[in-house]
Amino acid sequence: PEIADNEYDKLFKQLQLAEIEHPEWVTPDSPTQRVGSDLNSAFATVNHLVPMLSLDNSYNAADLLAWSKRAGDLAGDENLQYCVEPKFDGASISLIYENDQLLRSATRGDGLQGDDITLNSKRIRNLPLKAPFSTYGIAQIELRGEVLINKKAFEKLNEQYLEKGLPPLANPRNAAAGSLRIKDSTEVGRRNLEAFVYHVSYMQPSDAAGEKAIPQSHSEMLQMLWDCGFRSPVQELKLFGRIEDVVAWCNHFETVRDDLPYEIDGLVIKVNDLALQDQIGSTTHHPRWAIAYKFKARQAISVVRQVDFQVGRTGAVTPVAKLDPVPIGGVTVSSISIHNQDYISEKDLRIGDTVIIERAGDVIPQIVRVLPEKRNGTELKIDFPTHCPVCDSALYKEQDEAVWRCVNAECKAQVIEKIIHFVSKDAMDIRHLGEQQVRRFHELQLLADIPGIYTLNWDAVSQLEGYKQKSVENLRAAVDDSKRQPLHRLIYALGIRHVGETMAKTLARSVHHLLELRQKTLDDLMQLNDVGPKVAQSIVSFFAQIQNIEMLETLEKIGLNMKHDDTETNEQGIFSGKTFLFTGTLSTFKRSEAEAMVEAAGGSLLSGVSSKLNYLVAGEEAGSKLEKAGKIPSIRILTEKEFLNLMQYDKSD
Ligand code: IVH
């Protein structure tokens, strides 16, 4: 997530309100018109019997009071009974039991259709494969629930990940959602998943009446599920007759949430009477008879001990507050970016201040506010430097910007950051030369600038600790290979301000040779796709600097590719702008052939799974890449057959 859940919800609410006032603004693709999609084509898509709705959110007493008033009005009854239960922070599932057997289970998907994960869900040990619904006279039933990985199992799983050298999973929610999409269901079994079941969305009576009566209230329904062998929240639920008591319970529960063995992100309040639920009804997005009470982001208190100023690749000077380390939401926080001078003044932040810090979900920690009452007079003002903390040249700030910059192109900090960017994966992708190695080589005066990468003293490198013959060879080969990278990668690698990967592609396509960019005026550049005055100015400034031109000439002499290959991209192709990755064994083509097909259709290939990937084509025995891709909802996973269908589409088009 780019923003915290509560910020997202605030924006979502604002949109909802705007759409109520202006129904003509509602577009079919408005976020209010759907509940989010996690469809994954590695699994069959199935229809839910009843759409899987989301929940409306509340954050305070006023929200809850307003909700209960409206629910009461719709029910025609002010004295509603409320059932309050945990809001499990996992992956939602839908389960269908027919004639007492688990028939099918599915992910939420887009709310109407989900991925069929029946096999995987059968590996969840606390999910009964058989349940005696017939004793209630129920022939078919659709249940809703959440699959979780408890905190202990999550820690264990992450230890295993670390042992295997894999990056740890961000949180139990992602771990549970990812686990459900693993293709190998025996591996799913090893994950110790648990399912909580909290809602009956559909019931079909059997011909014969059951010996037990079907419950008339939600809490009794949870009891029925429990009696049928499910882990429903009967132990956790609380019933209330007054919304004020619900509010008090929510406030209390928030203080003890960390005592639970599993993660919750709030409570869910439901009108308990099922007949009244029906009467109150639902929107296309959420039931009106229920509401989530979302807990605030986890907060902690710490003290700012010092402020460091870091100089980035573009010379931007960022103040970073160093704090007494505090654990918060599963990570220990000891330094936080405090952005810029305006931010510091706005918060009136001083060294020695006690501060409240917050980390919402996976979002990076931030300082919420200072506690001035904790001051004792020894706090120090944060003096923003007037000169670069690394090279001591005077800092410069553009009029409409908040950021101070070091504009000395030779500043050591910038030089190192520029080299790190140049070699990085999305730029020249020089493996075996990462941030650590760049810093080390620079420190040892083996690497002074970007061209220096190609004139490294290999004898000196092979003398270094950790560099055996093989690793020197690998590094040399990687450096050499990078000379042949396509032009757009080189342009991106130069780290020109405002020139990201896509812009680099646009620029590469506009020339035959990199140095032609030197001739382009602001107007020429602004004719190109997506190039505004800011980007154009930045490009013109880059090519106006003689040091940059000299560096490019040196790189060309060294043998770096500076030419744009016209056959490289096909803007009209159906895959133009799309990224692909193949994994596993393909049966119809060799992988290299399939890759060539993608490129011919205008697509590009990525070497690893990241959020930049659009399509993962999974052949037989696909392994960790498929698993990783399954955790990133924006990636479409295609079977070989689906990929071929897409290609056919290209031909017939
Ligand atoms: S009731 C119509 N109860 O939270 C039924 N949902 O953020 C609506 N969730 O989509 C769901 N714990 O996946 C319900 N005790 C609980 C829940 C719960 C977690 C999930 C559910 C929902 C999401 C909304």
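Order of appearance sets the numbers: ligands from 1, and atoms from 1 within every ligand. Not measured: the values here are computed from a predicted model. Starting from 1, each residue takes its place in the sequence as its number.
Of all protein heavy atoms, the one lying nearest to atom 10 (O) of ligand 1 is Arg108 NH2, 2.6 Å.
Cation-pi geometry between Lys347 and Tyr343 is satisfied (NZ or CZ under 6.0 Å from the ring centre, within 45° of the ring normal).
Screening Tyr82, Tyr293, Tyr59 for a ring-ring contact (aromatic ring centres under 6.0 Å, His included) involving Trp67 leaves a single residue, Tyr82.
For Pro86, every heavy-atom contact with ligand 1 shorter than 4.0 Å involves the backbone, none the side chain. Contacts between Leu55 and ligand 1, counted as non-hydrogen atom pairs separated by less than 4.0 Å, involve both the backbone and the side chain. Under 4.0 angstrom from ligand 1, there are no non-hydrogen atoms of Arg144.
A side-chain donor-acceptor contact under 3.5 Å links Glu220 and Ser217. In summary, the side chains of Asn614 and Thr579 do present a donor paired with an acceptor at a separation below 3.5 Å, with no hydrogens or angles considered. Between the side chains of Glu194 and Asn150, a donor-acceptor pair is found at a separation under 3.5 Å.
Of the options Glu146, Met52, Lys87, the smallest heavy-atom separation from atom 13 (O) of ligand 1 is shown by Glu146. Considering only non-hydrogen atoms, atom 21 (C) of ligand 1 lies nearest to Tyr198 out of Phe88, Phe196, Tyr198.
Side chain of Lys212 to backbone of Ser134: no donor-acceptor contact under 3.5 angstrom is found.
At least one heavy atom of Lys270 sits less than 4.0 Å from an atom of ligand 1.
In summary, the aromatic rings of Tyr262 and Phe196 are positioned with their centroids under 6.0 Å apart. You'll find the ring centres of Tyr198 and Phe230 outside the 6.0 Å limit.
Residue-to-ligand polar distances keep His199 apart from ligand 1: every N/O pair is separated by 3.5 Å or more.
Proximity to Leu53 (heavy-atom distance under 4.0 Å) selects the following atoms of ligand 1: 10 (O). Each of the following atoms of ligand 1 lies closer than 4.0 Å to a heavy atom of Glu85: 3 (N), 15 (N), 16 (C). Numbered from 1 in the order shown, with element, the atoms of ligand 1 that lie under 4.0 Å from a heavy atom of Pro287 read 2 (C). Atoms of ligand 1 found under 4.0 Å from any heavy atom of Ser92 (numbered from 1 in listed order, with element): 13 (O).
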